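Report on one structure; see the data block that follows.
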2 protein chains.
Amino acid sequence: MIADPDFSSIATLIADPSRAAMLAALLGGQTLPATELAHCAQISPQTASTHLNKLVAGHLVTVKRQGRHRYYCLASSEVATVLETLATLAPASPVRSFQQSQHAQAIRQARTCYDHLAGQLGVELTRQLVSRNLLNPIEPAYQVTAQGEQWFNELGIDLKLLRQKRRALACQCLDWSERHYHLAGALGAALQSRWFELAWIQRIPASRAVRITEVGRVEFFKMFGIRF
Amino acid sequence: MIADPDFSSIATLIADPSRAAMLAALLGGQTLPATELAHCAQISPQTASTHLNKLVAGHLVTVKRQGRHRYYCLASSEVATVLETLATLAPASPVRSFQQSQHAQAIRQARTCYDHLAGQLGVELTRQLVSRNLLNPIEPAYQVTAQGEQWFNELGIDLKLLRQKRRALACQCLDWSERHYHLAGALGAALQSRWFELAWIQRIPASRAVRITEVGRVEFFKMFGIRF
DNA sequence: TCAAAGTTTCGATGGATATCGAAGTATGAT
DNA sequence: ATCATACTTCGATATCCATCGAAACTTTGA
């Protein structure tokens, strides 16, 4: 028998600033070792260890042992969704240090939202896809237009394959930094991996910020007329 | 400039069991006075007062003064979404007391998910709408079929009016107790208020559980062949 | 004007837990 | 074998904050 669902137990796990920092790092969709996460949260390895145990026990993250390393990653895309949704409500925290400001700028410009692109780049690309009539926004989702069908296939994305997945093809995900929707779902994920394949974007280690490469700058401009 | 969004500040607000209990009560979509909320959380009015101040400061709830009462309600439907999403991840907490078991049963059977129906009733109604070909589930949303168009209008729901709203018409909302989708969005909200109007369901004071009336039992069976 | 009800502020208390040093266990390299 | 690295466990400390009693404030009703 299930009683009242307790938000509080899960919220408690997320509430601690150190744990939140580690979860934020994992929101990049990467798997990271414990020491790396300790570094992200600016805490000692001992402390990180206890935190990570709690996160695993709470089913927010999973571990894989590989030799003397333990690699952690978010337990599921639902966890990522919860974190992103929480971020939507979170107040804009003022920047304190220069380093923080650099990081803030990077993360606002382009970042992964677990498996799809977010930030200015993510939102702008989505806007372009819509204004070029490749996607059609119908409230909680995007519809791929006939033109879009062809365009995505030419880009090397197999829509038929994506449709076979259980997952939603193309949905609207609220961007906490831009306060505007960007493309999520299977198509969003496929698009992101295509940009990575083409090396138009690059991961920044242990961060969910993403670097737009020189090639990317040129090609995104050619393709969409946008400057980054 | 926005830095890393801190989940933790919002999560901290939700993390406290007393505050969580008050938020859960407000998830019914009602506005409740402070004393009532203190009662829900089983804490003294003083303690409730400090908690409610924090929730207001964090923009999770809003207050309206009316005479010597202060009425609280969730600040927005986004807050409700966040709470429901959190509930999705929350572990099934075992029931301890008899009273709790009663409450748990009621809340699982039928409850409001802020402005639409959830629980066994919400899920079952949605299933029926789909199997009768009135709604068509297309991953993150539901599409109203031609038959559905007519059916909803006959029920007294003005779809044209609903479509004019900015809000998504009909989306899939994951039910934490049933682990299945139910109907949300403007249509979900309209449907719920229609059931209330028809008195097929009734609010249980200061709870998000909903009572199915005798009329409701009869009519839901006539309309959908479901027994409650 | 007084009393009662709803709510807040203040101050003291207590419990929970994040933190790290120290020490311990694995794994891998030399 | 020996040492270094990655990580964990234990124990002590310190901080945060939820809680409530006491007292005040405000509104309503008599």
Side-chain angles (χ1 to χ4, degrees), chain A residues 4 6-26 30-58 60-73 91 93 205-206, chain B residues 4 6-26 30-58 60-73 90-91 93 96 205-206:
Chain A
D4 245 321
D6 60 354
F7 320 123
S8 60
S9 67
I10 293 290
T12 302
L13 284 175
I14 306 174
D16 179 80
S18 305
R19 283 194 293 263
M22 296 196 270
L23 289 171
L26 291 172
Q30 298 166 289
T31 74
L32 298 169
T35 316
E36 189 81 54
L37 288 168
H39 181 77
C40 291
Q42 309 191 44
I43 51 179
S44 68
Q46 304 96 293
T47 309
S49 177
T50 59
H51 282 317
L52 288 167
N53 276 334
K54 289 180 187 181
L55 291 176
V56 171
L60 291 187
V61 308
T62 54
V63 218
K64 276 179 202 159
R65 313 185 52 150
Q66 252 180 52
R68 52 183 167 183
H69 294 269
R70 312 237 162 153
Y71 286 94
Y72 292 87
C73 71
S93 62
Chain B
D4 246 322
D6 59 354
F7 319 123
S8 60
S9 68
I10 293 289
T12 302
L13 284 175
I14 305 174
D16 179 80
S18 303
R19 283 194 294 263
M22 295 196 271
L23 289 171
L26 292 172
Q30 298 167 289
T31 74
L32 298 169
T35 316
E36 188 82 53
L37 289 168
H39 180 77
C40 289
Q42 310 193 43
I43 50 178
S44 69
Q46 304 96 294
T47 309
S49 176
T50 59
H51 283 317
L52 287 167
N53 277 334
K54 290 181 187 183
L55 290 176
V56 170
L60 291 186
V61 308
T62 54
V63 217
K64 276 179 202 159
R65 314 184 48 150
Q66 253 181 50
R68 53 185 164 181
H69 295 268
R70 310 237 164 154
Y71 286 93
Y72 292 87
C73 71
S93 62
R96 281 176 297 272

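Chain letters run A, B, ... following the sequence lines, proteins first, then strands; residues in each count from 1. Keep in mind it's a predicted model, so treat the numbers as computed, not measured.
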Which atoms of nucleotides 14-19 of chain D (N or O only) lie under 3.5 Å from a protein N or O atom, and what are those distances?
| residue | atom | partner | partner atom | Å |
| --- | --- | --- | --- | --- |
| D/dA18 | OP1 | B/Arg19 | NH2 | 3.4 |
| D/dA18 | OP2 | B/Lys54 | NZ | 2.5 |
| D/dT19 | OP1 | B/Ser18 | OG | 2.7 |
| D/dT19 | OP2 | B/Ser18 | OG | 3.2 |
| D/dT19 | OP2 | B/His51 | NE2 | 2.4 |

Look for any protein N or O under 3.5 Å of an N or O in nucleotides 2-6 of chain C and output each such pair with its distance, or none.
| residue | atom | partner | partner atom | Å |
| --- | --- | --- | --- | --- |
| C/dA5 | O4' | B/Arg68 | NH1 | 3.4 |
| C/dG6 | O3' | B/Arg68 | O | 3.2 |

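Residue A/Tyr72 is in sugar-phosphate contact alone, with no base atom involved, counting any heavy-atom pair closer than 4.0 Å across all strands shown.
Atom CZ of B/Arg65 and atom C1' of D/dC25 are 11 Å apart (whole Å). Taking atom NZ of residue A/Lys64 and atom C1' of nucleotide D/dA6, one finds them 19 Å apart after rounding to whole Å. Protein atom NE2 of A/His39 is 13 Å distant from nucleotide atom P of D/dA6, rounded to whole Å. Residue A/Leu52 contributes atom CG, which lies 13 Å from atom C1' of D/dA6 at whole-angstrom precision.
In terms of modelled atom types and a separation under 3.5 Å, the side chain of B/Arg19 and the main chain of A/Ser8 share no donor-acceptor contact.
B/Leu26 is listed as a side-chain neighbour of B/Leu37, based on a closest heavy-atom distance under 4.5 Å. Put simply, the side chain of A/Lys54 does not reach to within 4.5 Å of the side chain of A/Asp16, judged on heavy atoms. Looking at heavy atoms from C-beta onward, A/Ile14 lies in side-chain contact with A/Leu60 at the 4.5 angstrom threshold. Between A/Leu23 and A/Leu13 there is no side-chain heavy-atom pair separated by less than 4.5 Å.
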Would A/Thr31 and A/Thr62 satisfy side-chain contact (heavy atoms from CB on, under 4.5 Å), going step by step from the backbone distance to the final call?
-> CA-CA 9 Å; A/Thr31 74; A/Thr62 54; over 6 Å; no
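In terms of heavy-atom proximity, A/Phe7 sits nearest to B/Ala24 at CE1-CB, 3.8 Å. Taking both residues in full, the closest heavy atoms of B/Cys73 and B/Gln30 are given as CB-O, 3.8 Å, listed atom of the first, atom of the second, then distance.
Contact annotation: B/Asn53 does not reach the phosphate of C/dT7 (side-chain N/O to OP1 or OP2, under 4.0 Å).
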